[in-house]
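Presented below is the structure to which this report refers.
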Amino acid sequence: MTRFPEILQILAATYPTAQTALNHDSPFQLLIATILSAQCTDERINIITRKLFSACPTVLEMDQLSISDLEDYIRSAGLWQTKAKNIKATCHKLIYTFEGSVPKTREELMLLPGVGRKTANVILANAFGIPAIAVDTHVHRVSNRLGLATAKKPEQTEIILMQHIPEQLWAKAHHWLIYHGRKICKARRPLCNNCPLNKLCPSATL
DNA sequence: AACTCGGGGCA
DNA sequence: TGCCCAGAGTT
């Protein structure tokens with residue numbers, strides 16, 4: 001595990017401005033965009049949220065939409081029946097349980113319909129700057145390929161990353177690993193020839 | 001732990 | 001045409 005510092009240093013130098021690829025102007029908008037992002041590419045989510053947030057920038061306005069209205073906005077995201085229902089319920093809960101603002105703890109965030117551990121960690125790290133590592137499919141895949149974690153479950157990978165990455169780097173590591181997974185260390189055809197980590201990676205095929 | 005939801009992009 | 005995608009909820 002002594003390879004952590006070197007890998008983090010390379011990632012930091014490679015992705016100095018890495019940030020979430022989801023459009024948002026507020027914690028609420030990031031929350032909605034992240035709920036929508038399940039099993040869907042971020043480019044399509046950004047097309048949807050551009051229209052949705054233009055019409056309903058805040059929770060109070062979005063809560064006025066019916067589930068049917070929401071379905072019309074988000075249909076191209078896939079899983080639209082569940083997501084529309086969850087977004088409607090989440091807006092309602094934000095207003096009547098959390099006084100209209102997005103809560104800042106993982107436990108409270110996970111009380112919102114459609115918000116699991118991964119989504120909650122994304123909100124904590126990106127919206128509030130609270131140290132958290134969202135181990136989505138990208139982070140999980142990259143960590144395992146690099147040999148940083150040998151874990152079947154994302155929860156195990158999250159624990160290992162937290163143990164070996166300094167806490168002040170958690171939010172950044174989250175950005176780096178997700179961005180690297182999207183652009184280089186792709187699930188299908190990883191671009192190992194263009195990867196700054198290929199000399200350190202036991203899975204690299206050059 | 002396995003199953004289901006789902007339209008769109010890509011091979 | 002078949003496979004896969006910034007997961008979460010249910011059983």
Side-chain angles (χ1 to χ4, degrees), chain A residues 11 15 17-53 67-94 102-103 106-128 130 132-145 149 151-159 161 170-191:
Chain A
L11 287 172
Y15 305 113
T17 60
Q19 59 184 355
T20 176
L22 298 175
N23 286 339
H24 67 282
D25 290 329
S26 65
F28 168 71
Q29 291 187 3
L30 179 62
L31 174 64
I32 299 302
T34 308
I35 291 175
L36 284 173
S37 70
Q39 295 295 301
C40 183
T41 60
D42 57 333
E43 287 85 358
R44 223 180 315 153
I45 295 306
N46 286 336
I47 293 174
I48 290 173
T49 55
R50 201 168 292 123
K51 297 178 183 176
L52 179 61
F53 294 159
I67 292 181
S68 176
D69 292 334
L70 282 167
E71 288 176 349
D72 289 338
Y73 274 106
I74 73 174
R75 186 161 288 118
S76 64
L79 307 177
W80 47 275
Q81 293 181 341
T82 304
K83 289 174 181 174
K85 186 168 47 176
N86 284 340
I87 288 173
K88 179 65 180 177
T90 284
C91 286
H92 194 272
K93 196 155 201 166
L94 285 175
V102 179
R106 182 180 296 113
E107 291 72 21
E108 290 175 309
L109 283 165
M110 290 180 67
L111 293 176
L112 300 169
V115 179
R117 186 180 184 86
K118 301 187 188 95
T119 299
N121 282 358
V122 168
I123 305 305
L124 291 173
N126 289 278
F128 301 128
I130 298 172
I133 301 179
V135 181
D136 59 13
T137 54
H138 288 312
V139 176
H140 189 61
R141 179 182 66 254
V142 173
S143 298
N144 277 277
R145 280 183 179 165
K152 293 180 181 178
K153 293 186 176 183
E155 291 81 1
Q156 297 173 308
T157 297
E158 180 179 338
I159 293 174
L161 294 180
W170 285 1
K172 291 183 178 179
H174 155 85
H175 288 308
W176 296 333
L177 293 172
I178 288 181
Y179 200 75
H180 186 67
R182 289 185 65 248
K183 297 299 184 183
I184 302 291
C185 196
K186 301 191 289 185
R188 295 283 198 78
R189 254 181 15 159
L191 306 179

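What's counted below: heavy atoms across the whole structure, side chains too, no hydrogens, waters or symmetry copies. Letters A, B, ... mirror the listed sequences (proteins, then strands); counts begin at 1.
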P gap between B:dG6 and C:dT1, integer Å: 22 Å

Gap between atoms CG and C1', on A:N121 and C:dA6 respectively (whole Å): 13 Å

Given that A:L112 and A:Q19 both sit by DNA chain C, which one's nearest nucleotide is further toward the 5' end? A:Q19

Using the P atoms only, state how far C:dA6 lies from B:dC3, rounded to an integer number of Å. 22 Å

Using a cut-off of 4.0 Å on non-hydrogen atoms, how would the nucleic acid contact of A:G116 be classed: base, sugar-phosphate, or nothing? sugar-phosphate

Give the intermediate values and the outcome of ring-ring contact (aromatic ring centres under 6.0 Å, His included) for residues A:Y15 and A:H180. CA-CA 8 Å; A:Y15 305 113; A:H180 186 67; 5.8 Å; yes

Among B:dG7, C:dC4, C:dA8, which is the nearest nucleotide to the side chain of A:K118? C:dA8

Can you tell me how far P of C:dG9 sits from CD of A:Q39, to the nearest Å? 14 Å

Distance from A:T119 atom OG1 to A:D136 atom CG, nearest 0.5 Å? 9.5 Å

For A:R75 and B:dG8, give me the distance from atom CZ to atom P, rounded to whole Å. 9 Å

By nearest nucleotide on DNA chain B, pick out whichever of A:K153 and A:R44 is the more 5' one. A:K153

For the pair made of CD1 in A:I45 and C1' in B:dG7, what is the distance, rounded to whole Å? 11 Å

Position toward the 5' end of DNA chain C (nearest nucleotide), A:N86 or A:D136: A:D136

Length of the NZ-C1' vector between A:K83 and C:dG7, whole Å: 8 Å

Are A:R182 and A:D42 close enough that some pair of their side-chain heavy atoms sits under 4.5 Å apart? yes

Rounded distance (nearest 0.5 Å) linking atom OH of A:Y179 with atom CD of A:Q19: 8.5 Å

Separation between CD1 of A:I32 and OH of A:Y73, rounded to the nearest 0.5 Å: 13.5 Å

If you look at every strand shown and take non-hydrogen atoms under 4.0 Å, does A:A134 touch a base, only sugar-phosphate, or nothing? nothing

Name the nucleic acid region contacted by A:L22, choosing base, sugar-phosphate or nothing; use a 4.0 angstrom heavy-atom cut-off, strictly under. base

Measure the CG-OG1 distance between A:N23 and A:T49 for me, rounded to the nearest 0.5 Å. 4.5 Å

Would you say A:T137 places a side-chain N or O within less than 4.0 Å of OP1 or OP2 belonging to C:dG7? yes

Atom CD of A:E71 to atom C1' of B:dC5: distance rounded to whole Å? 13 Å

Gap in Å between the two P atoms, one belonging to B:dT4 and one to C:dC3, rounded: 16 Å

Looking at A:K186, does any N or O in its side chain come under 4.0 Å of the phosphate oxygens OP1/OP2 on C:dC5? no

Looking at every non-hydrogen atom in both residues, tell me the closest pair between A:H138 and A:R141 and how far apart they are. ND1-NH2, 2.8 Å

Phosphate contact (B:dG8 OP1 or OP2) by A:T41 side-chain N/O below 4.0 Å: no

Select from A:S76 and A:R189 the residue whose nearest nucleotide in DNA chain B is closer to the 5' end of that strand. A:S76

Can you find a side chain N or O atom of A:Q81 that sits less than 4.0 Å from OP1 or OP2 on B:dG6? yes

Any side-chain N or O of A:T82 under 4.0 Å from OP1/OP2 of B:dG6? yes

To the nearest angstrom, how far is A:D42 atom CG from C:dC4 atom P? 19 Å

Proximal nucleotide (of C:dC4, B:dG7, C:dA8) relative to the A:T119 side chain: C:dA8

Under 4.0 Å, heavy atoms only, any strand: does A:A21 hit a base, just the sugar-phosphate, or nothing? base

Name the nucleic acid region contacted by A:V115, choosing base, sugar-phosphate or nothing; use a 4.0 angstrom heavy-atom cut-off, strictly under. sugar-phosphate

Between NZ of A:K85 and C1' of B:dG6 the distance, given in whole Å, is 14 Å

Below 4.0 Å: OP1/OP2 of B:dG7 and any side-chain N or O of A:W80: yes

